[in-house]
Each structure stands twice: as C-alpha cells, then as structure tokens.
Amino acid sequence: MSEVRLRFAPSPTGYLHVGGARTALFNWLLAKKEQGKFILRIEDTDVARSTQESVDAILEGMRWLGLDWDEGPFFQSENFPLYKEFAAKLLAQGKAYKCYCTAEELEAKREKALASGSKPKYDGTCRSLNADIPGKPYVVRFKAPHEGVTAFDDLVKGPISFNNEELDDLIIQRSDGTPTYNFTVVVDDVSMAITTVIRGDDHVNNTPRQILLYEALGCPVPQFAHVPMILGADKSRLSKRHGATSVMAYRDMGFLPEAMVNYLVRLGWSYGDEEIFSLDELIDKFSIETVGRSAGVFNPDKLLWLNAHYIKTGDPQRLAELLAPFLAERGVNAGRGPNLVAVIRTLQERSRTMLEMADGAVFYYRDTFVYDPQAVDKFLKPDVVPLFEQVRDRLGKLDDFSHQGIETVIKGICDERGIKMGQLGPPIRVALCGGTTSPSIYEVIEVLGKDATLNRITRALEFVRSHV
RNA sequence: GUCCCCAUCGUCUAGCCCGGCCCAGGACACCGCCCUUUCACGGCGGCGACGCCGGUUCAAAUCCGGCUGGGGACGCCA
C-alpha cells in the first residue's frame, strides 16, 4: 500500500481565514494519522490578485496553528511550462480545442442564458471549428463529453453524480497563455501524486470537470473529501461582517492556537461526547469519514470557552511568553515588579483571553494607579484608617510571607476586631489594585511582595486622610 | 433559473449505516441555587430539538418518497 499524500492549496489573495485553516487542519490530521505526506501548494496563477503579503500571512497562520508541511510550499506560478505542456498534449490529442470567442461575446451569451432561465454554459461555437486562425487570440478549451454521467464517492458526502450534459467545455488556458484553476489543480495533483483531496464544499461542482480531466490525461483519480462550509450566525457564508475571519486576528485578540485548533476540528466533527482534544489526541482519533455533512455556524462563545480552558490549564511559563506582547502594548515592563509567572497563576482561572489576562495583570506593575471613584466612595472611607494601619503593621512584621501566613494575619485581624472579612477584604483590594475586582487578596499580597504591599497600603492611607 | 449538497435543542453535536435500550445524551450560551473578601473557577439543577406530510413496519430520529427550508456552484477567480 502506497502512502497517502494530501495537500492544502490556498490562493494567496488574502490572509488565512478560519475556513481555510480548518481544511488545512483536516488535511494535516489525515496525513499525520495515515503517516503520509502533507504538502503545501500556493495557487497563484491569478498573478494580478496574488500577493507576497498573502503568502506570508498564510504561512504565518499555518505555523501559528502548528500545521507544518512535509513538502513545499510550491508555487503554481513556477509551473507554467508544465501546464502549457499538458494543454498542448490535450490539444494534440484532440481532447481540447482552440476557442476564438471573445470575453465580451461570452459574457453576453452568459447573461442571455441566465436571463432566459437556462444554465449559462458555453454553447460550443468553436468546438468543431477545427481551424487555426493565425494572429487571432484564442483560449484552449477542454472538450468535455456531453453524454453520460460522472460520479465519485466522496469521503464525507458519499456518492455524488452529475449528468455530463450539465457540464460545458471549460477553459484550461487563457488567451494570454496562462492556465486556469481547474486545470492547474489537476495537473499539480497528478504531478505531486496527491491521493486524497480534502477541500471546501464549494468545490463539489468542480469535481466532475476535474475527474474528466484526469481521465483525459490518463491519470488515476484521487479520492475526494468535501468538507462543509463554515457559516455565520445568520447562516450565510462566513464573512467579515460576522466578525473576525482571519486566523491571526484571533491570536491578536488573545486566543491560543490550541483553542483555535480544538474549536475548528469540533465544528463539523466529533468523537462521542468529548470536547477537549490536543493535536496529538486528534491524530489518534480523527477520521475524515466521521466529518459531518452539513454546514456549521461559527460560534465565538464556544471558542472563548475553549480558550479559557486552555488558559486555565496551560503552563504559566509558556503563557508568560504569549502574554509579553499584550503587556508591552499596555506599557508594562514585566521585568520590573512581581514575578510574571506568579502573576499569571493568579489570573489563569479568571481570564478567557490573553488580552483579558493582560488587563488583569497591569495593576501588579503600576504603583501609582488611579483609584476607581466608585470603589473609593464605597470602600476607602475614614473608618479604614485604623484597619489599614494594623494591616500594615502586622504584615510588616510577618516573616512567613506566604498565602497561608498572610491569610492567618488578615483573618486574625478580623477576629480581633470582630469584623467580617467582607469589611476588610474589599478596602484592601481597592488599596492594592485600585478597583473592586482582582484575584484573591491573599494571592495579590503574596505576589506583590511585602514592600509593594506596604507601600500601597501607605499610599491608600495617605489618600484617605487627605480626602476626608 | 439550472445543477449539486444539506436538514436532531439558539449554536456545535451523539444517536441514524446495523429500526425497539431515545417521551432523544453531551457541550457552549442562558436562568436558578451552592461555594465565596470581589471577579472568576468549580459543583448542582433548569430551559431547550428529531422541519413538514405521506409510506414501509408490531415498532421510525433512525428505512423510502414528496414537500418545505437552508447552503453552494454556474468566470479567460480560485
């Protein structure tokens, strides 16, 4: 049994979007699972719309997700001679012909057909022309059969068949000599010995044409797997108006790649009741046959939930690296101040994104933050002065500056004074953090350290005294 | 318009191939309670679906047909 060879073949006309990322992921997973090869091919035959920035963006997205490729990236723009050769071969064999109809003529016919309610397909004017008209521009058309049926067994959709009369003679080479999509895909999939084509649903209609091309070329037809599209909340094709569609935009919003991967794979695929999958687990459990047949709605809430899960269970050290750019954006220098890993530990279970975590971490690194006015009205009142003085005093004398030691001190003060934690905790929180929400104050005090804690208590004391 | 595909809670889905264990299970979201110094985490509970109509059968979410609805494709784009 020969090895399976799969490919992801994006066209570089934009960034890597979530739909593309998902088909890339499925290809990658199947290749890994079957211990085959995963090939990256850039479909840049449309020179006008392809850009280097898009190529870079796509590669960056793939790398971020952890989808490495075994071969490539190959560029179709470098294969033009090959396509020409194949086109010439079909021409020589009478399986293709030169068509001299102009784009304008074709456009007019198409509109007319559409208006009259029939299927807009090429009428075959030049099909039997059989003449060379020197000097006149022409395209090369594939001579498709007009009778019979072209069928294939889709790995996810099952049997699909088309009546050949629905097909027309597609252009395989433009008048400028460049090849078109349906032709380059076939030529490349043949020359790269692709065994399985996993691609978006929107390509099923191209499949019979391509199969006919494989047959005309005398090449084996690969297996096809058409994965359903991703829809927006209104069930229409996912687009920018539904929110971010760029994979990298999610990184910038503080999402972890493993959350993105996990979300994408579960959109249209499942493994019993399991929700959480690592890349390694997926390689073991994934199978293309169990991918669902219907389109799925992109649900940002679930992505968020998965992201929260991975942040919660993630390695703080790694999270620290991922958090760095977000902190930098906020002008925070984590090199000075509390230990970043310790800070992160206090934030992991209350952050759904790295962005939220960054926001939650800022106070640790700012000694002179502005107190939240509402919090001041509620908690920084004159009666906290003796409390704060005692806290400062006790904490100052504390040797065991651990969560446990700190908690004992704070609770001890509550007991001595006969007050509830609810009367002491919130004011301390405002003094230390500036607002009313933060991690446990024991953790905050511990992470802040004795000096910073005492300084902040003192500062709050001064604030209260001067505002009476 | 023509062709192709799809159809279980609001959303992602299990179950469907090999009818009965399903008055349909899980997850997200939402609501309530508990935990609690805040915000969260967590725990417990609740709300909530087999699109419709026929057929086959002792029995249908599961099989068949039609309808309706949704999506996609119809380019010298990919």
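Chain naming here is simple, since letters A, B, ... match the order of the sequence lines and numbering starts at 1 in each.
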(request) Please list, chain by chain and in numerical order, all residues satisfying side-chain contact (heavy atoms from CB on, under 4.5 Å) with A/A225, sequence neighbours excluded. (result) A/L155, A/V156, A/I198, A/I288

Find the distance [X]:[atom1] to [N]:[atom2] and express it as a whole number of Å.
X      : N     : atom1 : atom2 : answer
A/D154 : B/C17 : CG    : P     : 21 Å
A/R209 : B/G75 : CZ    : C1'   : 10 Å
A/D169 : B/C74 : CG    : P     : 17 Å
A/N163 : B/C5  : CG    : P     : 11 Å
A/D123 : B/C74 : CG    : P     : 19 Å
A/N307 : B/C12 : CG    : C1'   : 17 Å
A/L170 : B/A78 : CG    : P     : 11 Å

Report the base-pairing partner of [N] (Watson-Crick or G-U wobble, both distances below 3.5 angstrom), or none.
N     : answer
B/C30 : B/G46
B/A7  : B/U68
B/C41 : none
B/C22 : none
B/A61 : none

Mind checking the [atom1] distance from [N] to [M]? Whole angstroms is fine.
N     : M     : atom1 : value
B/G54 : B/U11 : P     : 26 Å
B/C30 : B/C74 : P     : 39 Å
B/C67 : B/C5  : P     : 15 Å
B/G72 : B/C34 : C1'   : 49 Å
B/C9  : B/G15 : P     : 16 Å
B/C21 : B/C16 : P     : 12 Å
B/C52 : B/A40 : C1'   : 45 Å
B/A29 : B/U13 : C1'   : 15 Å

(request) State, with a plain yes or no, whether a side-chain heavy atom of A/R199 is found less than 4.5 Å away from one of A/H226. (result) yes

(message) If the test is side chain to side chain contact (heavy atoms under 4.5 Å, CB included), which one of A/D188, A/I172, A/T180 qualifies with A/Y83?
(response) A/D188

[X]/[Y] ion pair, N-O < 4.0 Å:
X      : Y      : answer
A/D234 : A/R241 : yes
A/E258 : A/R318 : yes
A/E443 : A/R345 : no
A/K157 : A/D201 : yes

(message) Using the ring pair (Phe, Tyr, Trp, His ring centres under 6.0 Å) definition, which of the options A/W269, A/F286, A/F8 pairs with A/F26?
(response) A/F286

For a quick test of reading the model: is some side-chain N or O of [X] closer than 4.0 Å to OP1 or OP2 of [N]?
X      : N     : result
A/T45  : B/A78 : yes
A/R266 : B/U13 : no
A/R293 : B/C17 : no

(request) Would you indicate what A/S161 reaches in the nucleic acid, counting non-hydrogen atoms under 4.0 angstrom: base, sugar-phosphate, or nothing? (result) sugar-phosphate

(message) Please classify the nucleic acid contact of A/E275 as base, sugar-phosphate, or nothing, using heavy-atom distances under 4.0 Å.
(response) base

(message) Go nucleotide by nucleotide along RNA chain B from the 5' end; which of A/I171 and A/E166 gets its closest nucleotide reached first?
(response) A/E166

(message) Can you tell me whether the side chain of A/S175 and the base of B/C76 have a donor-acceptor pair closer than 3.5 Å?
(response) yes

(request) Mind telling me if B/C17 is syn or anti? Syn here is a glycosidic angle within 90° of 0. (result) anti

(request) For nucleotides 34-48 of chain B, just jot down a letter per nucleotide in 5' to 3' order: B, S or -, based on protein non-hydrogen atoms under 4.0 Å. (result) ---BBBBSS------

(message) Both conditions, 6.0 Å and 45 degrees, for the charged tip of A/R456 above the ring of A/F369: are they met here?
(response) no

(request) Would you kindly check if the NZ (Lys) or CZ (Arg) of A/R209 is within the cone defined by 45 degrees around the ring axis of A/F142 and under 6.0 Å from the six-membered ring centre? (result) no

(message) So, taking the atom named CD1 in A/I311 and the one named CG in A/L323, what distance separates them when rounded to the nearest 0.5 Å?
(response) 9.0 Å

(message) Please tell me whether A/Y263 and A/F298 form a close aromatic pair, meaning their ring centres lie under 6.0 Å apart.
(response) yes

Check nucleotides 65-73 of chain B for protein N or O atoms closer than 3.5 Å to its own N or O atoms and list the pairs.
| from | atom 1 | to | atom 2 | distance (Å) |
| --- | --- | --- | --- | --- |
| B/G72 | O3' | A/R237 | NH1 | 3.4 |
| B/G72 | N2 | A/N205 | OD1 | 3.3 |
| B/G72 | N2 | A/N205 | ND2 | 3.4 |
| B/A73 | OP1 | A/R237 | NH1 | 2.8 |
| B/A73 | O4' | A/N205 | ND2 | 3.1 |

